[in-house]
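Okay, so here's the structure we're looking at.
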Amino acid sequence: MKIVAAYLLAVLGGNANPSAGDLKSILGSVGAEAEDDRIDFLLSEVKGQDITELIASGREKFASVPSGGGVAVAVTSSGGGGGAAAAPAAAEPKKEEKVEEKEESDEDMGFSLFD
């Protein structure tokens with residue numbers, strides 16, 4: 001990721017085609033080191049391509065990647081009878097959270113911060 005970040009910094013700085021030396025100098029300015037083969041690989045992959053087009057195609061790919069707990073909930077609820085049993089279990093922690101909020105109120109302490 002640091003090599004990609006260095007490449008993007010170079011492009012944002014006005015260098016449309018940064019070289020391996022450019023990336024090494026950017027990384028060296030912050031005390032980071034990178035392997036030459038990884039820099040060469042990145043440069044070979046982006047050679048002749050517009051960075052805005054690369055970013056746009058990357059966003060499209062990320063749109064199809066599942067993220068977060070939404071997938072786990074969908075998998076659990078689609079499991080027939082097991083999914084139905086999991087739904088009430090998920091509702092119970094919400095009730096417990098409400099109880100915890102009441103326990104932490106000022107009334108339980110016997111004083112108020114604004115008295």
Side-chain angles (χ1 to χ4, degrees):
M1 288 302 290
K2 60 186 172 185
I3 300 169
V4 173
Y7 182 83
L8 291 173
L9 284 171
V11 171
L12 285 172
N15 187 352
N17 294 314
S19 66
D22 296 332
L23 299 182
K24 287 180 184 178
S25 67
I26 292 171
L27 292 171
S29 70
V30 295
E33 296 181 10
E35 298 173 11
D36 291 335
D37 59 336
R38 290 185 181 216
I39 292 174
D40 294 336
F41 177 73
L42 172 71
L43 293 176
S44 69
E45 291 292 314
V46 298
K47 184 177 181 179
Q49 297 184 18
D50 182 38
I51 193 67
T52 55
E53 292 175 6
L54 288 173
I55 291 172
S57 68
R59 284 186 181 169
E60 291 173 7
K61 291 178 182 177
F62 270 124
S64 66
V65 174
S67 62
V71 174
V73 172
V75 170
T76 304
S77 62
S78 66
E92 289 178 21
K94 291 180 184 178
K95 292 178 184 177
E96 291 176 13
E97 290 176 11
K98 291 179 183 177
V99 172
E100 290 176 17
E101 290 176 10
K102 291 180 182 178
E103 292 174 5
E104 295 177 351
S105 70
D106 291 338
E107 295 173 3
D108 293 339
M109 292 185 200
F111 66 93
S112 175
L113 295 175
F114 302 106
D115 283 341

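Hydrogens, waters and symmetry mates are skipped; everything else that's a heavy atom, side chains included, is used. What you are looking at is a predicted structure, and each value in this text was computed from that prediction instead of being measured.
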(request) Decide if atom CD of Glu33 counts as having more than 12 heavy atoms of other residues, nucleotides or ligands within a radius under 6.0 Å. (result) no
(message) How long is the straight-line distance from CD of Glu35 back to CG of Asp40, given to the nearest 0.5 Å?
(response) 11.0 Å
(message) I need the full list of side chain to side chain donor-acceptor pair (under 3.5 Å) pairs touching residues 16-27, with sequence neighbours left out, sorted by first then second residue.
(response) Asn15-Asp22, Ser19-Asp22, Lys24-Asp36
(request) State yes or no: do Leu42 and Ile26 share one hydrophobic cluster built from I, L, V, M, F, W and Y residues joined by side-chain heavy-atom distances below 4.5 Å, directly or via other members? (result) no
(message) To the closest 0.5 Å, what do you measure between CG (Leu23) and CD1 (Ile3)?
(response) 8.0 Å
(request) Of all the heavy-atom pairs spanning Leu43 and Pro18, show the shortest one and how long it is. (result) CD2-O, 3.5 Å
(request) Output the distance between atom CG (Leu8) and atom CE (Met1), rounded to the nearest 0.5 Å. (result) 8.5 Å
(request) State, with a plain yes or no, whether a side-chain heavy atom of Ile39 is found less than 4.5 Å away from one of Tyr7. (result) no
(request) Could you check if a side-chain atom of Ile51 sits within less than 4.5 angstrom of a side-chain atom of Val46, using non-hydrogen atoms only? (result) no
(message) If I compare all heavy atoms of Gln49 with all of Glu45, which pair ends up nearest, and what's the gap?
(response) NE2-O, 3.3 Å
(request) Determine whether Val30 and Val4 fall in the same hydrophobic cluster, where Ile, Leu, Val, Met, Phe, Trp and Tyr are linked whenever their side-chain heavy atoms lie under 4.5 Å apart. (result) no
